[in-house]
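A quick write-up on the structure given underneath.
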Amino acid sequence: VQLQASGGGLVQAGGSLRLSCAASGRTFSIQSMGWFRQAPGKDREFVVVVSWSGGGTYIADSVKGRFTISRDNAKNTVDLQMNNLNPEDTAVYYCAADPRGTSTSPKLYAYWGQGTQVTVSS
């Protein structure tokens with residue numbers, strides 16, 4: 001499975017960005033897709049995950065109410081809509097795919113995109 005993320009950029013606090021992730025290859029093996037982020041000097045942290053079959057989602061408390069994940073199974077894409085961004089959201093955002101289930105731990109994800117930078121200015 002190959003993942004290609006896009007949509008990062010620079011935005012002012014309170015603004016919005018939409019990230020997209022396109023999967024290719026053995027996409028039939030995907031059980032869930034998620035977004036993680038990593039700020040400089042910090043560990044990679046969970047943001048949100050969506051079940052590929054049922055569509056159920058789980059989202060981190062830090063972004064709940066501001067971020068929304070959506071999927072398009074026909075196109076093998078997952079989008080992350082980020083609203084009301086603040087400087088603490090600044091990080092490299094990674095999409096990831098898990099062939100085994102739904103998890104919030106980055107250690108359990110087998111496939112990763114290349115990352116896209118999101119910078120929120122105050």
Side-chain angles (χ1 to χ4, degrees):
V1 175
Q2 294 79 45
L3 303 176
Q4 180 70 41
S6 61
L10 173 65
V11 65
Q12 290 186 331
S16 299
L17 281 174
R18 188 176 184 88
L19 306 183
S20 294
C21 182
S24 60
R26 297 173 61 88
T27 56
F28 60 85
S29 67
I30 296 175
Q31 294 296 314
S32 64
M33 288 186 69
W35 287 93
F36 294 79
R37 65 187 182 184
Q38 188 165 18
K42 295 187 176 181
D43 293 334
R44 190 167 299 188
E45 67 170 352
F46 166 77
V47 177
V48 62
V49 63
V50 60
S51 168
W52 208 238
S53 57
T57 62
Y58 184 72
I59 192 164
D61 289 342
S62 59
V63 304
K64 194 171 293 182
R66 301 187 297 122
F67 290 14
T68 305
I69 191 170
S70 60
R71 81 193 197 287
D72 187 327
N73 294 61
K75 296 181 179 179
N76 293 319
T77 59
V78 62
D79 289 350
L80 179 64
Q81 178 65 40
M82 305 184 294
N83 298 325
N84 194 21
L85 286 159
N86 59 61
E88 289 71 37
D89 296 316
T90 296
V92 177
Y93 283 69
Y94 298 90
C95 63
D98 187 354
R100 293 160 294 182
T102 303
S103 173
T104 62
S105 171
K107 296 179 180 180
L108 299 181
Y109 280 75
Y111 309 110
W112 291 87
Q114 81 282 13
T116 183
Q117 177 70 46
V118 171
T119 303
V120 184
S121 62
S122 58

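Residue indices begin at 1 and follow the sequence shown. Remember, it's a predicted structure, so these values are computed and weren't measured experimentally.
Shown here for Thr102 and Asp98, the closest heavy-atom pair between the two residues is N-OD2, 4.4 Å. Closest of all the heavy-atom pairs between Ile30 and Ala23 is CD1-CB, 4.0 Å. In plain terms, the two heavy atoms of Leu19 and Tyr93 that are nearest each other are CD1-CB, 3.6 Å. Of all non-hydrogen atoms in Leu3 and Ala97, the two that sit nearest each other are CD1-N, 3.6 Å.
For the atom pair OG of Ser105 and CZ of Phe36, the computed distance is 7.0 Å after rounding to the nearest 0.5 Å. For the atom pair CD of Gln31 and OG of Ser51, the computed distance is 7.5 Å after rounding to the nearest 0.5 Å. Between the NZ atom in Lys75 and the OG1 atom in Thr27 there is a gap of 15.0 Å [rounded to 0.5 Å]. Atom CZ in Arg37 sits 4.5 Å away from atom CG in Asp89 (nearest 0.5 Å). Atoms CG and CZ, on Asn83 and Arg18 in that order, are 9.5 Å from each other to the nearest 0.5 Å.
Checked by atom type and distance alone, the side chain of Arg71 never pairs as donor or acceptor with a backbone atom of Ser32 at under 3.5 Å. In terms of modelled atom types and a separation under 3.5 Å, the side chain of Thr90 and the main chain of Pro87 share a donor-acceptor contact. Here the side chain of Asn73 pairs no donor or acceptor atom with the backbone of Ser53 at under 3.5 angstrom.
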Exercise for the section: Show your working on side-chain contact (heavy atoms from CB on, under 4.5 Å) between Val47 and Tyr94 and close with a plain yes or no. Expected result: CA-CA 10 Å; Val47 177; Tyr94 298 90; over 6 Å; no
Practice task
Just do the side-chain contact (heavy atoms from CB on, under 4.5 Å) check on Val78 and Ile69 with the steps written out, would you?
Solution key: CA-CA 7 Å; Val78 62; Ile69 191 170; 3.4 Å; yes
Problem - Check against side-chain contact (heavy atoms from CB on, under 4.5 Å), Val1 and Ser29 - result: CA-CA 8 Å; Val1 175; Ser29 67; 3.8 Å; yes
Problem - Derivation of the side chain to side chain donor-acceptor pair (under 3.5 Å) call for Asp79 and Gln81 - result: CA-CA 6 Å; Asp79 289 350; Gln81 178 65 40; over 6 Å; no
Exercise for the section: Run the numbers on Trp35 and Leu80 for side-chain contact (heavy atoms from CB on, under 4.5 Å), then give the verdict. Expected result: CA-CA 8 Å; Trp35 287 93; Leu80 179 64; 3.6 Å; yes
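The hydrophobic cluster containing Phe67 also contains Met33, counting ILVMFWY residues as joined when their side-chain heavy atoms lie under 4.5 angstrom apart, directly or transitively. There is a path of hydrophobic side-chain contacts, each under 4.5 Å, that joins Val11 to Met82. Connection of Val63 to Leu85 is established within a shared hydrophobic cluster, with ILVMFWY side chains joined at heavy-atom distances below 4.5 Å, either directly or through further cluster members.
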Enumerate, atom names and distances included, each donor-acceptor pair closer than 3.5 Å involving a side-chain atom of residues 111-122, sequence neighbours excluded.
from: Trp112; atom 1: NE1; to: Tyr109; atom 2: O; distance (Å): 3.2
from: Gln114; atom 1: OE1; to: Ala5; atom 2: N; distance (Å): 3.1
from: Gln114; atom 1: NE2; to: Ala5; atom 2: O; distance (Å): 2.8
from: Thr116; atom 1: OG1; to: Gly8; atom 2: N; distance (Å): 3.1
from: Gln117; atom 1: NE2; to: Ala91; atom 2: O; distance (Å): 3.4
from: Gln117; atom 1: NE2; to: Thr119; atom 2: OG1; distance (Å): 3.3

